[in-house]
Amino acid sequence: ETGAEKIRNYLEELTDYLCELLAGKNYDIISSRAPGEKSQIVSIKHRGGRRAQEIFEFLERENVVVSARGAGIRIAPHFFNNRG
């Protein structure tokens, strides 16, 4: 039922969905989403100047696991994540 290819495809769908949700919001997607370059990890940066650490702390309180990396936020979902 699973396997590396199914998990990869599912995570690509999930990260594409995440990027769709962020479109029009106050975030820039730092990581490439170009065909052949995108991965199942998405890095974002706030356009309005909110610090990555501030965003990380807010999401941590909401039980959302991300990482603050420099000025950006690293989001790395896995097969147990869903759109909900």
Side-chain angles (χ1 to χ4, degrees):
E1 292 179 20
T2 60
E5 186 174 344
K6 285 186 177 185
I7 292 170
R8 182 184 55 77
N9 291 338
Y10 175 70
L11 292 177
E12 186 170 319
E13 290 173 20
L14 218 93
T15 54
D16 285 345
Y17 176 67
L18 170 65
C19 292
E20 289 172 19
L21 290 176
L22 291 170
K25 305 267 191 259
N26 212 15
Y27 292 92
D28 289 320
I29 298 168
I30 301 168
S31 46
S32 177
R33 301 304 294 165
E37 294 180 6
K38 66 181 170 179
S39 74
Q40 290 76 23
I41 296 172
V42 176
S43 294
I44 62 172
K45 183 177 178 183
H46 192 263
R47 282 188 210 130
R50 284 184 71 191
R51 294 178 315 110
Q53 187 64 33
E54 177 186 354
I55 296 167
F56 164 77
E57 290 169 3
F58 170 79
L59 292 173
E60 185 177 48
R61 287 190 302 273
E62 299 295 316
N63 294 316
V64 177
V65 179
V66 298
S67 299
R69 299 288 171 94
I73 296 291
R74 178 183 182 268
I75 306 165
H78 214 305
F79 70 91
F80 49 82
N81 293 117
N82 58 44
R83 292 180 180 220

- request: Treat each ILVMFWY residue as a node, draw an edge where side-chain heavy atoms are under 4.5 Å apart, and state whether Y10 and L18 are in one component.
  value: no

Q) When you measure from the side chain of H46 to the backbone N and O of G48, does any donor-acceptor pair fall under 3.5 Å? A) yes

Measure from the side-chain N and O atoms of S31 to the backbone N and O of S43, and report whether any donor-acceptor pair falls under 3.5 Å. yes

In short, Q40 meets E12 closest at the heavy-atom pair CG-N, 3.9 Å

- Task: List the steps and the verdict of side chain to side chain contact (heavy atoms under 4.5 Å, CB included) for T15 and R33.
- Result: CA-CA 9 Å; T15 54; R33 301 304 294 165; 3.0 Å; yes

Within the distance-only criterion (no hydrogens, no angle test), does the side chain of S39 pair as donor or acceptor with the backbone N or O of I41 below 3.5 angstrom?
-> yes

Do side-chain atoms of N9 reach the backbone of K6 as a donor and acceptor pair under 3.5 angstrom?
no

**Prompt:** Under 3.5 Å, side chain of R61 to main-chain N/O of F56, donor-acceptor pair present?
**Reply:** no

*asked:* Closer than 3.5 angstrom, by distance alone: can the side chain of Y17 be matched with the main-chain N or O of N82 as a donor-acceptor pair?
replied: no

Item checked: Within one Ile-Leu-Val-Met-Phe-Trp-Tyr cluster: F58 and V42, side-chain cutoff 4.5 Å -> yes

Heavy-atom closest pair (A52 atom, G72 atom, distance to 0.1 Å) is CB-O, 3.3 Å

> Are I30 and I55 in one and the same hydrophobic cluster, where Ile, Leu, Val, Met, Phe, Trp and Tyr link if side-chain heavy atoms are under 4.5 Å apart?
Replying inline: no

Decide yes or no on side chain to side chain contact (heavy atoms under 4.5 Å, CB included) for D16 and K38, but give the supporting numbers first. CA-CA 10 Å; D16 285 345; K38 66 181 170 179; 3.0 Å; yes

Between I75 and V64, is there a shared hydrophobic cluster once you connect ILVMFWY residues whose side-chain heavy atoms come closer than 4.5 Å?
yes

dist L11:CG -> F79:CZ (nearest 0.5 Å) comes out at 9.0 Å

Between P77 and L14, the two heavy atoms sitting closest are CB-CD2, 3.6 Å

dist R74:CZ -> S67:OG (nearest 0.5 Å) comes out at 5.5 Å

(request) Examine I44 and L59 and state if one hydrophobic cluster contains both, with Ile, Leu, Val, Met, Phe, Trp and Tyr joined whenever side-chain heavy atoms are less than 4.5 Å apart. (result) yes

Problem - Side-chain donor/acceptor of R47 to backbone N/O of Y27, under 3.5 Å - result: yes

Smallest heavy-atom separation, A68 atom then I73 atom, equals CA-CD1, 4.2 Å

* Asked: If you draw a 6.0 Å radius around NZ in K45, do more than 12 non-hydrogen atoms from other residues or ligands fall strictly inside?
  -> no

